[in-house]
Amino acid sequence: MDEDFDIPAAEDMMNDDMDLPDESPVLKVGEEKEIGNQGLKKKLLKEGEGWDTPDNGDEVEVHYTGTLLDGTQFDSSRSRGTPFKFTLGQGQVIRGWDLGIKTMKKGENALFTIPPQLAYGESGSPPTIPPNATLQFDVELLSWTSVKDICKDGGIFKKILIEGEKWENPKDLDEVLVNYEAKLEDGTVVAKADGVEFTVKEGHFCPALARAVKTMKKGEKVVLTAKPQYGFGEKGKPATGAEGAVPPNSTLQIMLELVSWKTVTEITDDKKVMKKILKEGEGYERPNEGAVVQVKLIGKLQDGTVFVKKGYNEGEEPFEFIIDEEQVCDGLDRTAMTMKKGEVAELTIAPEYAFGSSGSQQELAFVPADSTVFYEVEMVSFTKEKESWDMNTKEKIEAAGKKKEEGNALFKVGKYVRASKRYEKAVKYIEYDSSFGEEEKKKAKALKVACNLNNAACKLKLKDYKEAEKLCTKVLELESTNVKALYRRAQAYINLADLDLAEIDIKKALELDPNNREVKLEYKVLKEKIKEYNKKQAKFYGNMFAKMS
């Protein structure tokens with residue numbers, strides 16, 4: 001036929017529910033299956049490419065031939081020599097098409113058999129399609145342009161012109177570099193800028209830009225259709241400088257390109273140590289606690305004063321330090337563990353993780369008290385501390401013993417958090433001892449007992465009573481008569497207000513060691529706590545009965 005049939009929508013059927021699954025049926029060439037439960041059938045004629053399929057809102061391009069069941073052809077884009085384009089899922093075509101083409105891959109060819117209720121129903125489409133006609137369409141999906149409703153409220157539609165690289169998207173804290181041009185619906189340019197940098201969370205120009213870049217990949221280029229709520233709303237925007245006026249309730253067309261971005265991460269949960277990556281590192285490896293790292297670094301105050309510079313002078317070796325040995329400030333120590341070889345980053349470190357309330361004399365200048373400091377750091381190289389899976393049995397026991405001694409030294413000077421980490425690492429080295437010999441198992445058991453007990457002491461100092469209780473329980477699983485474990489677990493129970501459990505542990509400890517002075521003193525504390533608790537209970541019930549009477 002010569003007329004452009006264009007598969008118009010059957011208007012009286014547009015609002016019915018589409019009770020069909022989203023996923024594409026798995027078909028072999030020549031196989032036919034029903035899609036959903038409304039009688040739509042699909043027969044695969046030719047495999048498509050990849051795994052992706054178009055979605056509602058995408059602009060698809062197809063070739064097709066439409067016939068009645070008796071073979072009568074009523075339309076063909078192939079005969080016209082021009083592919084047919086339409087927006088999927090918007091009711092621009094019959095429902096059988098909207099539903100069937102969603103299951104196709106690029107380059108796929110399929111035959112769809114479409115029942116009347118998903119085509120032109122009882123009325124048909126005179127003169128070419130009779131009433132209640134089942135139709136067949138031989139469809140080839142040539143390509144599609146992805147158009148996404150990125151806010152899921154119809155406020156911003158994104159049409160991808162150029163696909164981006166990899167899979168990552170910028171996050172709220174990241175600094176993005178973009179090019180953009182914004183137009184009104186009549187084509188009037190209201191803003192245009194290249195090489196604009198902004199933090200995603202803070203946004204730029206209008207809310208649509210920040211919303212859109214969070215869905216984009218590096219190098220991606222898109223056209224946004226931004227409704228007023230993501231533009232300038234009911235008030236619009238007056239002309240300012242190089243930017244034109246935006247009338248109230250205007251929809252904007254925005255050409256947007258995400259050139260690149262710098263990843264910004266929170267190193268500490270309290271957001272007081274921040275890292276901005278200036279240059280990505282290599283691979284996936286990062287230093288661990290105890291690793292020896294070599295870095296180039298420049299440290300500055302807020303006014304730009306350089307207080308340290310290492311590794312940048314000609315012939316100067318990179319600065320070397322061991323992670324978690326307090327050889328640099330805490331913020332730099334923590335950040336180094338997140339960096340890859342070759343990575344360059346800019347750090348912002350609050351006083352709590354820098355040089356605190358006392359300040360510090362550094363290589364080139366004094367850092368005043370309560371100063372936020374800024375570092376630019378390049379991770380030149382690092383040598384990780386050997387992990388347990390790279391060690392033989394002897395090495396594991398030696399490493400555990402070394403970590404225990406380090407923990408003891410830290411405990412003696414009141415550095416309980418760092419001491420606790422050492423004890424934890426010691427236990428990890430020897431945690432799995434199924435391959436150990438009998439003598440090695442004995443040594444490992446003694447180390448586990450000592451490290452868990454010492455770690456429990458750290459947790460008591462840090463007021464982490466629940467963890468202290470768990471560690472003592474681990475010791476008692478290995479040695480049920482360990483007096484120190486019973487004593488420290490009782491201390492944890494007292495602070496957790498589990499007085500009955502505390503009393504059981506104290507009594508058992510005294511049975512095992514009746515003359516233990518520390519246990520006796522703790523029993524006195526416990527008795528006072530029990531007496532105080534009983535008084536409160538008596539007073540509570542006395543008041544309750546008085547009210548009742």
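Since we're looking at a predicted model, the values are computed, not measured.
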Colleague: Got E326 and D333 here, is their nearest side-chain heavy-atom distance under 4.5 Å?
Modeller: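 No, side chains not in contact.
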Colleague: If you round to the nearest 0.5 Å, how far is CG of L256 from CG of L224?
Modeller: 5.5 Å
Colleague: Is the closest side-chain heavy-atom distance between N179 and V259 below 4.5 Å?
Modeller: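 Result yes, sub-4.5 Å side-chain heavy-atom pair found.
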Colleague: Would S420 and N455 count as having a side-chain donor-acceptor pair, cut-off 3.5 Å?
Modeller: yes
Colleague: For the residue pair F198 and H204, does the interplanar ring angle fall in the parallel (under 30°), tilted (30 to 60°) or perpendicular (over 60°) class?
Modeller: parallel
Colleague: Quick one: pull up CD1 in I160 and NZ in K158 and give me the separation to the nearest 0.5 Å.
Modeller: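 Atom-to-atom, I160:CD1 and K158:NZ are 4.5 Å apart.
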Colleague: Taking atom CD as the centre, does Q361 end up with more than 12 heavy-atom neighbours from other residues, nucleotides or ligands that are less than 6.0 angstrom away?
Modeller: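 Yes, because the 6.0 Å sphere around CD of Q361 holds more than 12 heavy atoms from other groups.
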Colleague: Find the distance between NZ (K394) and CZ (F436) and round it off to the nearest 0.5 Å.
Modeller: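 If I round to the nearest 0.5 Å, the distance is 13.5 Å.
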Colleague: So, taking the atom named NZ in K507 and the one named OH in Y523, what distance separates them when rounded to the nearest 0.5 Å?
Modeller: 4.5 Å
Colleague: Could you give the distance from CD1 (I506) to CG (L526), rounded to the nearest 0.5 Å?
Modeller: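 Between atom CD1 of I506 and atom CG of L526 there are 6.0 Å.
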Colleague: For the backbone of I322 and the side chain of Q327, can you confirm whether one donor and one acceptor N or O come within less than 3.5 Å of each other?
Modeller: yes
Colleague: For K484, does the NZ atom have more than 12 heavy-atom neighbours from other residues, nucleotides or ligands under 6.0 Å away?
Modeller: no
Colleague: Applying salt bridge (charged side-chain N to carboxylate O under 4.0 Å, His left out), run through D324 and R422 and close with a yes or a no.
Modeller: CA-CA 10 Å; D324 202 33; R422 294 294 197 278; 2.6 Å; yes
Colleague: Between T188 and L184 (side chain of the first, backbone of the second, donor and acceptor by atom type, cut-off under 3.5 Å), is there such a pair?
Modeller: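 It does not hold such a pair.
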Colleague: How about E518: does its CD atom have over 12 heavy atoms from other parts shown lying under 6.0 Å from it?
Modeller: no
Colleague: Give a yes-or-no answer on whether the side chains of Y487 and D513 include a donor-acceptor pair shorter than 3.5 Å.
Modeller: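 Distance-only check fails for Y487 and D513.
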Colleague: What's the shortest heavy-atom distance between V475 and A485, and which atoms?
Modeller: CG1-CB, 3.7 Å
Colleague: Going through the distances and angles, do K425 and E385 end up as a salt bridge (charged side-chain N to carboxylate O under 4.0 Å, His left out)?
Modeller: CA-CA 12 Å; K425 193 150 192 179; E385 185 171 64; 3.1 Å; yes
Colleague: Measure the shortest side-chain to side-chain distance between T481 and L476 over non-hydrogen atoms and say whether it is less than 4.5 angstrom.
Modeller: no
Colleague: Using a 4.5 Å cut-off on heavy atoms from C-beta on, say whether the side chain of E522 contacts that of Q491.
Modeller: yes
Colleague: Can you tell me if CZ on F366 sees more than 12 non-hydrogen neighbours from other groups inside 6.0 Å?
Modeller: yes
Colleague: Restricting to side chain to side chain contact (heavy atoms under 4.5 Å, CB included), what partner residues turn up for E405, sequence neighbours left out?
Modeller: N408
Colleague: In a check of side chain to side chain contact (heavy atoms under 4.5 Å, CB included) between V427 and each of N452, V449, L471, which one passes?
Modeller: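 With V427 as partner, N452, V449, L471 yield a single side chain to side chain contact (heavy atoms under 4.5 Å, CB included), made by N452.
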Colleague: Any luck finding a side-chain donor-acceptor pair between E387 and N288 under 3.5 Å?
Modeller: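 N288 and E387 do have a side-chain donor-acceptor pair below 3.5 Å.
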Colleague: I'd like to check M274 versus T265 (side-chain heavy atoms, cut-off strictly below 4.5 Å). Are they in contact?
Modeller: no
Colleague: Ion pair present between K300 and E376, side-chain N to carboxylate O less than 4.0 angstrom?
Modeller: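 A salt bridge is absent here (no side-chain N lies under 4.0 Å from a carboxylate O).
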Colleague: Between K396, K403, K404, which is the residue that forms a side chain to side chain contact (heavy atoms under 4.5 Å, CB included) with L447?
Modeller: K404
Colleague: Taking atom NZ of K443 as the centre, report whether more than 12 heavy atoms of other residues, nucleotides or ligands fall under 6.0 Å from it.
Modeller: no
Colleague: Between the side chains of E163 and K221, is the shortest nitrogen-to-carboxylate-oxygen separation below 4.0 Å, so that they form an ion pair?
Modeller: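 Judged by the 4.0 Å cut-off on N to carboxylate O distance, K221 and E163 do not form a salt bridge.
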Colleague: Hey, do the aromatic rings of F232 and F205 have their centres closer than 6.0 Å?
Modeller: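 Under 6.0 Å, so yes.
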Colleague: Could you verify whether a donor N or O on one side chain and an acceptor N or O on the other, from E440 and T393, lie under 3.5 Å apart?
Modeller: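 Looking only at side-chain atoms, T393 and E440 do not form any donor-acceptor pair under 3.5 Å.
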Colleague: Does N516 reach the main-chain N or O of V519 with its side chain, forming a donor-acceptor pair under 3.5 Å?
Modeller: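 Confirmed, N516 side chain pairs with V519 backbone.
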Colleague: For E424 and K428, run salt bridge (charged side-chain N to carboxylate O under 4.0 Å, His left out): C-alpha distance rounded to whole Å, both residues' side-chain angles, the deciding distance at 0.1 Å, then the answer.
Modeller: CA-CA 6 Å; E424 283 171 10; K428 279 184 181 175; 5.9 Å; no
Colleague: Salt bridge or not between K214 and D172? Use side-chain N to carboxylate O under 4.0 Å.
Modeller: yes
Colleague: Within the structure provided, determine whether D58 and K148 are in side-chain contact (heavy-atom separation under 4.5 Å).
Modeller: yes
Colleague: What I want to check is whether the side chains of D153 and Y230 have a donor and an acceptor closer together than 3.5 Å.
Modeller: yes
Colleague: If you define the side chain from C-beta out and look only at heavy atoms, does anything of F307 sit under 4.5 Å from S360?
Modeller: no
Colleague: Checking the side chain of E243 only, and the main-chain atoms of A191 only, is there a donor and an acceptor separated by less than 3.5 Å?
Modeller: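 It does not hold such a pair.
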Colleague: Which of these, R286, E343, K275, sits in a side-chain hydrogen bond (donor to acceptor under 3.5 Å, both in side chains) with T338?
Modeller: K275
Colleague: Exactly one of E363, E378, E320 should register a salt bridge (charged side-chain N to carboxylate O under 4.0 Å, His left out) with K310. Which one does?
Modeller: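 Considering E363, E378, E320, a salt bridge (charged side-chain N to carboxylate O under 4.0 Å, His left out) with K310 is found only for E363.
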Colleague: State, with a plain yes or no, whether a side-chain heavy atom of K459 is found less than 4.5 Å away from one of Y465.
Modeller: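 No, their side chains stay 4.5 Å or more apart.
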Colleague: Under 6.0 Å from the ring centre and within 45 degrees of the ring axis: does the NZ or CZ of K421 meet both conditions for the six-membered ring of Y423?
Modeller: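 Because its charged atom misses either the 6.0 Å distance or the 45° angle limit, K421 does not stack over Y423.
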Colleague: Should the pair K272-E352 be classified as a salt bridge under the 4.0 Å nitrogen-to-oxygen rule?
Modeller: yes
Colleague: Report yes or no: does N392 contribute a side-chain atom to a donor-acceptor pair with the main-chain N or O of E395 at less than 3.5 Å?
Modeller: yes
Colleague: Just by distance, no angles: are the side chains of T473 and E469 close enough, under 3.5 Å, to form a donor-acceptor pair?
Modeller: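 Checked: T473/E469 side chains pair up, N/O donor to acceptor below 3.5 Å.
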Colleague: Decide, yes or no, whether a salt bridge links E346 with K262 under the criterion of side-chain N to carboxylate O below 4.0 Å.
Modeller: no
